[in-house]
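Below: one structure, written as structure tokens.
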Protein chains: 2
Amino acid sequence: MDITQALTAFAALSQPLRLDAFRLLIKAGATGMAAGDIAVALGAKPNTTSQNLAHLVQARLIFSTRAGRSIIYTADMQGLSALLHFLLEDCCGGRPDACASLIETLAPCCPPNSQNTPKDLTS
Amino acid sequence: MDITQALTAFAALSQPLRLDAFRLLIKAGATGMAAGDIAVALGAKPNTTSQNLAHLVQARLIFSTRAGRSIIYTADMQGLSALLHFLLEDCCGGRPDACASLIETLAPCCPPNSQNTPKDLTS
DNA sequence: TCCATAATTCATGAAATATTGAAGTATAAA
DNA sequence: TTTATACTTCAATATTTCATGAATTATGGA
């Protein structure tokens with residue numbers, strides 16, 4: 001991750017439609033969503049949505065795969081991880097407690113002891 | 001954290017000088033840095049730097065305190081945490097392994113078992 | 001092949017953002 | 001009080017970014 005790509009990523013997230021789209025895809029998970037469904041969900045026009053999704057792809061925040069006539073967009077967790085790593089590089093400087101609140105932020109989502117034991121896959 | 005504030009934060013990080021400044025303050029830690037020192041470190045003019053730091057303050061990514069004639073800027077880890085929480089809301093949807101890589105990103109910085117036991121405070 | 005569906009690409013005017021120099025405010029020292 | 005230092009605010013221009021409508025590409029079915 002270089003600074004140019006990080007700037008591209010943050011610029012991608014600094015526009016309402018794109019931020020909404022990315023958060024929608026975060027919630028959608030690994031299944032992803034078709035471009036058309038994203039446009040409907042966000043109440044935006046297909047061409048506008050398409051151009052904004054292209055921004056997110058270039059920023060490596062999402063990726064696309066074709067499925068018949070549809071194009072499925074999915075959040076790129078690896079890309080997001082690289083971005084956060086770039087942003088937080090050397091954040092602690094010998095004092096890990098300085099960013100403990102960041103860990104707490106992710107804790108409700110991914111508690112350390114349950115990374116490989118999903119809460120509920122029976123329902 | 002509402003969407004407007006999140007957009008302000010990402011817009012703040014989408015400009016070269018501001019991204020550099022924020023990362024510099026992340027590395028500087030709780031001590032922070034004076035506005036003039038930041039400008040020198042980044043090779044930017046004082047007024048340009050000042051205006052860009054103001055963006056980061058409004059975005060709640062940094063905060064300022066006065067010390068004599070200097071104004072000290074410091075990274076706002078709580079604000080950053082709120083931003084990431086907003087971005088990653090419901091990111092797992094019952095499948096925490098989906099964002100395990102995000103945890104790994106922060107792990108080198110803040111290993112789960114050493115949040116309150118800094119690596120080295122003797123030097 | 002012909003048509004419909006799904007999505008993208010292109011060009012343009014409108015809106016937002018960035019940088020600059022000049023002027024202004026606040027603190028400290030002579 | 002006068003001067004210097006540290007930083008910010010203001011106003012203007014230049015640049016970048018955005019949404020829109022029209023045209024284009026790709027796939028699937030009749």
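Proteins get letters first, then strands, A, B, ... in listed order; numbering begins at 1 in each.
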> What integer distance in Å separates A:Leu56:CG from D:dC18:P?
Replying inline: 11 Å
> For A:Pro46, does its backbone N or O pair with a side-chain atom of A:Ser50 as donor and acceptor, under 3.5 Å?
Replying inline: no
> How long is the line joining CD1 of B:Ile71 and P of D:dT5, in whole Å?
Replying inline: 18 Å
> Do side-chain atoms of B:Asp37 reach the backbone of B:Met33 as a donor and acceptor pair under 3.5 angstrom?
Replying inline: no
> Can you tell which of D:dT20, C:dT20, C:dT8 lies closest to the side chain of B:Thr48?
Replying inline: C:dT20
> Can you tell which of C:dT9, D:dC10, D:dA6 lies closest to the side chain of B:Ser70?
Replying inline: D:dA6
>> The test is side chain to side chain contact (heavy atoms under 4.5 Å, CB included); show your working for A:Asn52 and A:Thr48 and say whether it passes.
In response: CA-CA 6 Å; A:Asn52 282 305; A:Thr48 301; 3.6 Å; yes
> Can you list the steps and then say if B:Leu87 with A:Leu19 is a side chain to side chain contact (heavy atoms under 4.5 Å, CB included)?
Replying inline: CA-CA 8 Å; B:Leu87 189 66; A:Leu19 181 54; 3.8 Å; yes
> Hey, does the Lys NZ or Arg CZ of B:Arg18 hover above the aromatic six-ring of A:Phe10, less than 6.0 Å from the centre and inside 45° of the axis?
Replying inline: no
> Does the B:Arg66 side chain pair with the main chain of B:Gly68, one donor and one acceptor, at a distance under 3.5 Å?
Replying inline: yes
>> By nearest heavy atom, map A:Ala54 and A:Arg69 onto DNA chain C; which one lands nearer the 5' end?
In response: A:Arg69
> Distance-only, no hydrogens or angles: does the A:Arg60 side chain make a donor-acceptor pair with backbone N or O of A:Met1 under 3.5 Å?
Replying inline: no
> Within this structure, what is the OH-to-C1' distance between B:Tyr73 and D:dA6, rounded to whole angstrom?
Replying inline: 11 Å
> Relative to the 5' end of DNA chain D, which residue comes earlier, A:Ala67 or B:Ser50, by the nucleotide with the nearest heavy atom?
Replying inline: B:Ser50
> Which nucleotide in the list C:dT9, C:dA7, D:dA6 gets nearest to the side chain of A:Ala34?
Replying inline: C:dA7
> For B:Leu13 and C:dT17, what is the distance between atoms CG and C1' respectively, to the nearest whole Å?
Replying inline: 16 Å
>> Can you tell me if B:Gln15 touches the phosphate of D:dT16, counting only side-chain N or O atoms and a distance under 4.0 Å to OP1 or OP2?
In response: no
>> Could you tell me how far apart A:Asn52 (CG) and C:dA7 (P) are, to the nearest whole angstrom?
In response: 15 Å
>> Let's see if you get this right: which residues in residues 37-47 of chain A place a heavy atom under 4.0 Å from DNA chain D?
In response: A:Lys45, A:Asn47
> Starting at NE2 of B:His55 and ending at C1' of C:dT17, how long is that distance when rounded to a whole Å?
Replying inline: 8 Å
> Quick one: which of C:dA11, C:dT20, D:dT27 gets closest to the side chain of A:Arg66?
Replying inline: D:dT27
> Rounding to a whole Å, what distance do you find between A:Gln51:CD and D:dT24:P?
Replying inline: 16 Å
>> Rounded to whole Å, how long is the line connecting atom CG of A:Leu7 with atom P of C:dT17?
In response: 16 Å
